[in-house]
Novice: 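The structure is given below, and queries will be raised subsequently.
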Amino acid sequence: MSKHGAPTDVSEQLKALAGQEKFSQIKVAIVAASWHDVIMNGLIDGAQRAAKDAGLEARTTLVRVPGTFELPVAASTLAESYDAVIALGVVIRGGTPHFDYVCLAATNGLTNVSVDTKTPIGFGVLTCDNEEQGLDRAGLENSSEDKGYEAYSAAVMTVAALS
(Lines give C-alpha, C1' and ligand atoms only; values in the text may rest on other atoms or scores of the structure.)
Protein backbone atom coordinates (compact mmCIF):
# COMPACT_ATOMS: atom_id res chain seq x y z
CA MET A 1 0.00 0.00 0.00
CA SER A 2 1.13 3.51 -0.72
CA LYS A 3 0.72 6.56 1.47
CA HIS A 4 2.04 8.72 -1.36
CA GLY A 5 0.52 12.18 -1.09
CA ALA A 6 -1.07 11.66 2.35
CA PRO A 7 -0.97 14.53 4.88
CA THR A 8 1.98 14.10 7.21
CA ASP A 9 1.04 15.80 10.47
CA VAL A 10 -2.56 14.76 11.06
CA SER A 11 -2.11 13.76 14.72
CA GLU A 12 -0.49 17.13 15.46
CA GLN A 13 -3.36 18.92 13.71
CA LEU A 14 -5.88 17.00 15.81
CA LYS A 15 -4.02 17.82 19.02
CA ALA A 16 -3.97 21.51 18.05
CA LEU A 17 -7.73 21.46 17.44
CA ALA A 18 -8.28 19.76 20.81
CA GLY A 19 -7.30 22.99 22.54
CA GLN A 20 -10.03 25.02 20.86
CA GLU A 21 -13.17 25.47 22.98
CA LYS A 22 -15.57 25.40 20.01
CA PHE A 23 -14.01 22.19 18.67
CA SER A 24 -14.17 20.46 22.04
CA GLN A 25 -17.99 20.65 21.98
CA ILE A 26 -18.59 18.61 18.83
CA LYS A 27 -20.24 15.19 19.00
CA VAL A 28 -18.99 12.33 16.85
CA ALA A 29 -20.49 8.93 16.04
CA ILE A 30 -18.53 5.96 14.79
CA VAL A 31 -20.73 3.47 12.96
CA ALA A 32 -18.98 0.18 12.33
CA ALA A 33 -19.90 -2.98 10.46
CA SER A 34 -19.49 -6.36 12.12
CA TRP A 35 -17.91 -8.60 9.44
CA HIS A 36 -14.17 -9.46 9.56
CA ASP A 37 -13.55 -8.99 13.29
CA VAL A 38 -9.78 -8.54 13.29
CA ILE A 39 -9.86 -5.88 10.58
CA MET A 40 -12.88 -4.13 12.08
CA ASN A 41 -11.35 -4.06 15.55
CA GLY A 42 -8.26 -2.42 14.06
CA LEU A 43 -10.35 0.20 12.26
CA ILE A 44 -12.34 0.95 15.40
CA ASP A 45 -9.19 1.17 17.53
CA GLY A 46 -7.68 3.60 15.00
CA ALA A 47 -10.76 5.83 15.06
CA GLN A 48 -10.76 5.78 18.86
CA ARG A 49 -7.05 6.74 18.92
CA ALA A 50 -7.89 9.71 16.71
CA ALA A 51 -10.75 10.63 19.07
CA LYS A 52 -8.28 10.63 21.95
CA ASP A 53 -5.78 12.77 20.03
CA ALA A 54 -8.58 15.21 19.20
CA GLY A 55 -9.71 15.37 22.84
CA LEU A 56 -13.11 13.98 21.81
CA GLU A 57 -12.96 10.55 23.41
CA ALA A 58 -15.82 11.31 25.82
CA ARG A 59 -17.90 12.90 23.03
CA THR A 60 -17.59 9.96 20.63
CA THR A 61 -20.16 7.17 20.47
CA LEU A 62 -19.67 3.75 18.85
CA VAL A 63 -22.63 2.10 17.10
CA ARG A 64 -22.34 -1.38 15.54
CA VAL A 65 -24.41 -2.51 12.56
CA PRO A 66 -24.54 -5.94 10.90
CA GLY A 67 -22.63 -5.12 7.72
CA THR A 68 -21.25 -2.50 5.36
CA PHE A 69 -24.53 -2.33 3.43
CA GLU A 70 -26.23 -1.00 6.58
CA LEU A 71 -23.76 1.86 7.09
CA PRO A 72 -25.64 4.50 5.04
CA VAL A 73 -28.98 4.16 6.88
CA ALA A 74 -27.23 4.22 10.24
CA ALA A 75 -25.10 7.21 9.22
CA SER A 76 -28.20 9.04 8.01
CA THR A 77 -29.95 8.53 11.33
CA LEU A 78 -26.86 9.46 13.36
CA ALA A 79 -26.23 12.59 11.26
CA GLU A 80 -29.38 14.08 12.80
CA SER A 81 -27.73 14.16 16.25
CA TYR A 82 -23.98 14.29 15.62
CA ASP A 83 -21.62 16.83 14.05
CA ALA A 84 -19.63 14.12 12.25
CA VAL A 85 -20.10 10.43 11.52
CA ILE A 86 -17.30 7.97 10.83
CA ALA A 87 -18.34 4.95 8.75
CA LEU A 88 -16.13 1.87 9.10
CA GLY A 89 -16.50 -1.35 7.18
CA VAL A 90 -14.68 -3.89 5.08
CA VAL A 91 -15.79 -5.73 1.97
CA ILE A 92 -13.57 -8.47 0.55
CA ARG A 93 -14.04 -9.59 -3.04
CA GLY A 94 -15.43 -13.06 -3.49
CA GLY A 95 -16.50 -15.08 -6.49
CA THR A 96 -19.79 -13.25 -7.15
CA PRO A 97 -20.82 -9.68 -8.07
CA HIS A 98 -22.02 -9.16 -4.46
CA PHE A 99 -18.79 -7.26 -3.71
CA ASP A 100 -19.53 -4.70 -6.42
CA TYR A 101 -23.11 -4.12 -5.27
CA VAL A 102 -22.21 -3.67 -1.61
CA CYS A 103 -19.26 -1.36 -2.35
CA LEU A 104 -21.31 0.81 -4.71
CA ALA A 105 -24.27 0.98 -2.33
CA ALA A 106 -22.08 1.93 0.63
CA THR A 107 -20.10 4.54 -1.29
CA ASN A 108 -23.11 6.17 -2.94
CA GLY A 109 -25.20 5.93 0.21
CA LEU A 110 -22.57 7.54 2.45
CA THR A 111 -21.89 10.27 -0.10
CA ASN A 112 -25.60 11.04 -0.29
CA VAL A 113 -25.88 11.16 3.50
CA SER A 114 -23.01 13.62 3.74
CA VAL A 115 -24.30 15.92 1.01
CA ASP A 116 -27.98 15.72 1.99
CA THR A 117 -27.40 16.29 5.72
CA LYS A 118 -24.35 18.56 5.36
CA THR A 119 -22.65 16.34 7.93
CA PRO A 120 -19.04 15.29 7.36
CA ILE A 121 -18.76 11.52 6.96
CA GLY A 122 -15.38 9.91 7.51
CA PHE A 123 -15.15 7.19 4.85
CA GLY A 124 -13.39 4.24 6.41
CA VAL A 125 -14.80 1.49 4.22
CA LEU A 126 -12.09 -0.85 2.96
CA THR A 127 -12.81 -2.44 -0.42
CA CYS A 128 -10.24 -5.20 -0.77
CA ASP A 129 -9.39 -8.00 -3.15
CA ASN A 130 -8.25 -10.18 -0.24
CA GLU A 131 -7.97 -10.27 3.54
CA GLU A 132 -4.27 -9.32 3.48
CA GLN A 133 -5.11 -5.94 1.92
CA GLY A 134 -7.61 -5.29 4.71
CA LEU A 135 -5.15 -6.25 7.42
CA ASP A 136 -2.53 -3.95 5.87
CA ARG A 137 -4.91 -0.97 6.10
CA ALA A 138 -6.51 -1.73 9.48
CA GLY A 139 -4.05 0.09 11.73
CA LEU A 140 -2.80 -3.10 13.33
CA GLU A 141 0.75 -3.53 14.63
CA ASN A 142 2.17 -4.56 11.24
CA SER A 143 -0.21 -2.55 9.05
CA SER A 144 1.19 0.06 6.68
CA GLU A 145 -1.91 2.26 7.01
CA ASP A 146 -4.47 3.20 9.67
CA LYS A 147 -7.70 3.91 7.81
CA GLY A 148 -9.80 4.15 10.99
CA TYR A 149 -7.59 6.96 12.27
CA GLU A 150 -7.62 8.63 8.87
CA ALA A 151 -11.42 8.47 8.53
CA TYR A 152 -12.00 9.95 11.99
CA SER A 153 -9.42 12.67 11.39
CA ALA A 154 -10.88 13.63 8.01
CA ALA A 155 -14.40 14.01 9.38
CA VAL A 156 -13.56 16.08 12.46
CA MET A 157 -11.06 18.23 10.58
CA THR A 158 -13.82 18.95 8.05
CA VAL A 159 -16.12 20.00 10.91
CA ALA A 160 -13.39 22.37 12.10
CA ALA A 161 -12.80 23.74 8.61
CA LEU A 162 -16.50 24.46 8.12
CA SER A 163 -17.04 26.02 11.57
Side-chain angles (χ1 to χ4, degrees), residues 1-65 67-68 70-72 74-91 103 106-107 109-111 113-115 117-128 133-163:
M1 302 303 132
S2 170
K3 293 186 92 173
H4 180 72
T8 57
D9 59 348
V10 174
S11 65
E12 292 305 316
Q13 291 177 45
L14 286 179
K15 290 173 185 172
L17 287 171
Q20 299 177 12
E21 184 177 336
K22 184 176 180 180
F23 183 79
S24 68
Q25 299 306 307
I26 70 171
K27 289 174 41 181
V28 181
I30 299 169
V31 58
S34 298
W35 284 71
H36 305 288
D37 283 343
V38 173
I39 297 169
M40 285 308 307
N41 289 339
L43 291 171
I44 292 166
D45 289 348
Q48 291 175 331
R49 278 192 304 278
K52 184 176 181 180
D53 284 352
L56 297 172
E57 206 169 15
R59 299 188 61 80
T60 299
T61 301
L62 174 64
V63 176
R64 298 301 297 264
V65 296
T68 298
E70 290 76 29
L71 291 173
S76 180
T77 302
L78 293 166
E80 296 173 9
S81 306
Y82 290 86
D83 301 297
V85 177
I86 291 63
L88 304 176
V90 59
V91 186
C103 294
T107 302
L110 292 168
T111 300
V113 169
S114 184
V115 172
T117 66
K118 296 178 178 36
T119 301
I121 305 290
F123 189 80
V125 177
L126 304 183
T127 56
C128 306
Q133 289 178 345
L135 292 167
D136 197 41
R137 296 175 177 149
L140 302 169
E141 185 177 337
N142 294 316
S143 297
S144 67
E145 297 181 84
D146 190 347
K147 294 300 184 184
Y149 191 101
E150 290 176 23
Y152 190 100
S153 302
V156 299
M157 290 170 72
T158 301
V159 171
L162 297 176
S163 298

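Treat the numbers as computed from the prediction; the structure is a model and nothing was measured. Side chains included, hydrogens not; waters and symmetry mates left out as well; all remaining heavy atoms used.
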Novice: Looking only at heavy atoms, what is the nearest atom pair of V113 and A79, with distance?
Specialist: CG1-CB, 4.4 Å
Novice: To the nearest 0.5 Å, what is the distance between OG1 (T61) and NZ (K27)?
Specialist: 7.0 Å
Novice: Look at the side chain of S143 and the backbone N and O of L135, then say whether any donor-acceptor pair between them is shorter than 3.5 Å.
Specialist: yes
Novice: Taking all non-hydrogen atoms of both residues, which atom of T68 and which atom of G89 are closest, and how far apart?
Specialist: OG1-CA, 3.6 Å
Novice: Determine, stepwise, if the pair V28 / D83 fulfils side-chain contact (heavy atoms from CB on, under 4.5 Å).
Specialist: CA-CA 6 Å; V28 181; D83 301 297; 5.9 Å; no
Novice: So do the side chains of L14 and L56 get within less than 4.5 Å of each other, counting heavy atoms only?
Specialist: no
Novice: Are T107 and F123 close enough, and set up right, to give a side-chain contact (heavy atoms from CB on, under 4.5 Å), and what steps lead you there?
Specialist: CA-CA 8 Å; T107 302; F123 189 80; 3.6 Å; yes
Novice: Can any side-chain N or O of Q20 pair as donor or acceptor with the backbone N or O of L17 at less than 3.5 Å?
Specialist: no
Novice: Under the side-chain contact (heavy atoms from CB on, under 4.5 Å) rule, collect the residues that match up with S34, sequence neighbours excluded.
Specialist: R64
Novice: For a quick test of reading the model, state the closest non-hydrogen atom pair linking S153 to A50 and the distance between them.
Specialist: OG-CB, 4.0 Å
Novice: Does S114 use its side chain to pair, donor to acceptor, with the backbone of T111 at less than 3.5 Å?
Specialist: no
Novice: Using a 4.5 Å cut-off on heavy atoms from C-beta on, say whether the side chain of M157 contacts that of V10.
Specialist: yes
Novice: Taking all non-hydrogen atoms of both residues, which atom of P120 and which atom of A155 are closest, and how far apart?
Specialist: CB-O, 3.6 Å
Novice: For a quick test of reading the model, state the closest non-hydrogen atom pair linking G42 to L140 and the distance between them.
Specialist: CA-CD2, 3.7 Å
Novice: Could you please spell out the steps behind the side-chain contact (heavy atoms from CB on, under 4.5 Å) verdict for L43 and K147?
Specialist: CA-CA 6 Å; L43 291 171; K147 294 300 184 184; 3.9 Å; yes
Novice: If we only count heavy atoms from C-beta on, is the E70 to V31 side-chain gap below 4.5 Å?
Specialist: no
Novice: Tell me which pairs pass salt bridge (Lys or Arg N to Asp or Glu O under 4.0 Å) where either residue lies in residues 30-52, with sequence neighbours left out.
Specialist: R49-D146
Novice: Step by step, work out the side-chain contact (heavy atoms from CB on, under 4.5 Å) result for M40 and V90.
Specialist: CA-CA 7 Å; M40 285 308 307; V90 59; 4.1 Å; yes
Novice: Taking the side chain as everything from C-beta on, heavy atoms only, tell me whether F23 gets closer than 4.5 Å to V156.
Specialist: yes
Novice: Tell me the closest heavy-atom pair linking S24 and A18, and the distance in Å.
Specialist: CB-O, 4.4 Å
Novice: How long is the span from the CD1 atom in I39 to the CG atom in D136, to the nearest 0.5 Å?
Specialist: 10.5 Å
Novice: Could you measure the distance from the CD1 atom of I121 to the OH atom of Y82? Nearest 0.5 Å is fine.
Specialist: 13.0 Å
Novice: Mark yes or no for whether R137, through its side chain, and E145, through its backbone, hold a donor-acceptor pair below 3.5 Å.
Specialist: no
Novice: Is the closest side-chain heavy-atom distance between V65 and L71 below 4.5 Å?
Specialist: yes
Novice: Tell me every residue that passes side chain to side chain donor-acceptor pair (under 3.5 Å) with S76, counting only those two or more places apart in sequence or in another chain.
Specialist: none
Novice: Please say which of V125, L126, T127 ends up in a side chain to side chain contact (heavy atoms under 4.5 Å, CB included) with C103.
Specialist: T127
